[in-house]
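Data block below; observations after.
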Amino acid sequence: MRKPFIAGNWKMFKNKGDAKRFAEEFSKLYQNKAVDTAICAPFVHLEYLKEAFKGTGIKVGAQNVHHMPEGAYTGEISVGMLKSCNVDYCIIGHSERRQYFGETNEDVRQKIRQLVDNGIKPIMCVGENLEEREKDMQFQVVGRQMSESLVGFTISDLKDLTIAYEPIWAIGTGKTATAEQANEMCALIRGILDGMLGEYIAENTRIQYGGSVKPGNIKELMAQPEIDGALVGGASLIPEDFNNIIEFDK
Ligand code: 13P
């Protein structure tokens, strides 16, 4: 049985005071221990959030990491730096990084290598854009993202992997994929995991849906057999909204 996992992605929102207010309020609200949760925050908040969430069970994630262990890469953050802040998770290959920063499937593969070698759990994002969906190429696109990013890993490397299926046309648009569309893609992803890494990984990997997840649509998404959680953007910025999403089963 896969335990539901709902993570927030703050993207480039919240200054220090906002992060503190959120942490204080959300720590009081989070009661549904039947759901794992994490906040993936900008780098500057990671250390503070780890401290603020101590004893609550709320985990903390980064939104990116560099693919090299260290070096002359001005402005970048290494896996060792994340590790020294006790970060639990790291989002990799978000569509905004692919779109605005040119990240490729090969970059994603190298970044996952850094994370798994250092004990930080990857949340790998995949998803097609609107044009690809309209041309009915979504399975091909996501299939390629999966196979190129996960090549060369062992079962033990990927035992703590989470996949987030985020169709780009549903991100920040208020346009959610239907629960059936999301479930269909999550089933394909599970099938690919089975083919590449076998039944254990396929059965145990949590697959999230992301794209305009709100308190009003989470229940229907979570009712789908292949959807194990959500990666939430906008609605994770407000403690009550995010907690209402986590309490989808109440
Ligand atoms: P929204 O929930 O704001 O659509 O963002 C989804 C997302 O990109 C999460 O990573």
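Computed from heavy atoms alone, side chains included, the values below leave out hydrogens, waters and symmetry copies. Numbering of ligands and ligand atoms starts at 1, following listing order.
Cluster annotation: Val213 is connected to Tyr165 through the hydrophobic network of ILVMFWY side chains, with a link wherever side-chain heavy atoms come within less than 4.5 Å.
Below 4.0 Å from some heavy atom of Asn9 lie the following atoms of ligand 1, by number and element: 9 (C), 10 (O). Close contacts between ligand 1 and Gly211 involve ligand atoms 4 (O), 6 (C) [criterion: under 4.0 Å to a heavy atom]. For ligand 1, the atoms closer than 4.0 angstrom to any heavy atom of Ser212 are 1 (P), 2 (O), 4 (O). Ligand 1 places these atoms under 4.0 Å from at least one heavy atom of Gly234: 1 (P), 2 (O), 3 (O). Every atom of ligand 1 with a heavy atom of His94 under 4.0 Å away is listed here by number and element: 7 (C), 8 (O), 9 (C), 10 (O). Annotation for ligand 1: atoms under 4.0 Å from non-hydrogen atoms of Leu231 are 9 (C), 10 (O). Heavy-atom proximity to Lys11, at under 4.0 Å, picks out these atoms of ligand 1: 5 (O), 6 (C), 7 (C), 8 (O).
Evaluation of the side-chain contact (heavy atoms from CB on, under 4.5 Å) rule for Ser78 yields Met81 as partners, not counting sequence neighbours.
Looking only at protein heavy atoms, the nearest one to atom 2 (O) of ligand 1 is Gly233 N, 2.9 Å. For atom 4 (O) of ligand 1, the nearest non-hydrogen atom of the protein is Gly172 N, 2.6 Å. Looking from atom 9 (C) of ligand 1 to the surrounding protein, the closest heavy atom is Glu166 OE2, 2.9 Å.
Side-chain atoms of Asp36 and Pro4, non-hydrogen and from C-beta on, never get closer than 4.5 Å to each other. Inter-residue side-chain proximity for Met185 and Gln138 is flagged as met; some heavy-atom pair is nearer than 4.5 Å.
At least one test fails for Lys219 against the ring of Phe248: distance under 6.0 Å to the centre or angle within 45° of the axis.
A salt bridge links Arg109 with Glu106: at least one charged nitrogen is closer than 4.0 Å to a carboxylate oxygen. Comment: Glu47 does not engage Lys50 in a salt bridge, judged by the lack of any side-chain N to carboxylate O separation of less than 4.0 angstrom.
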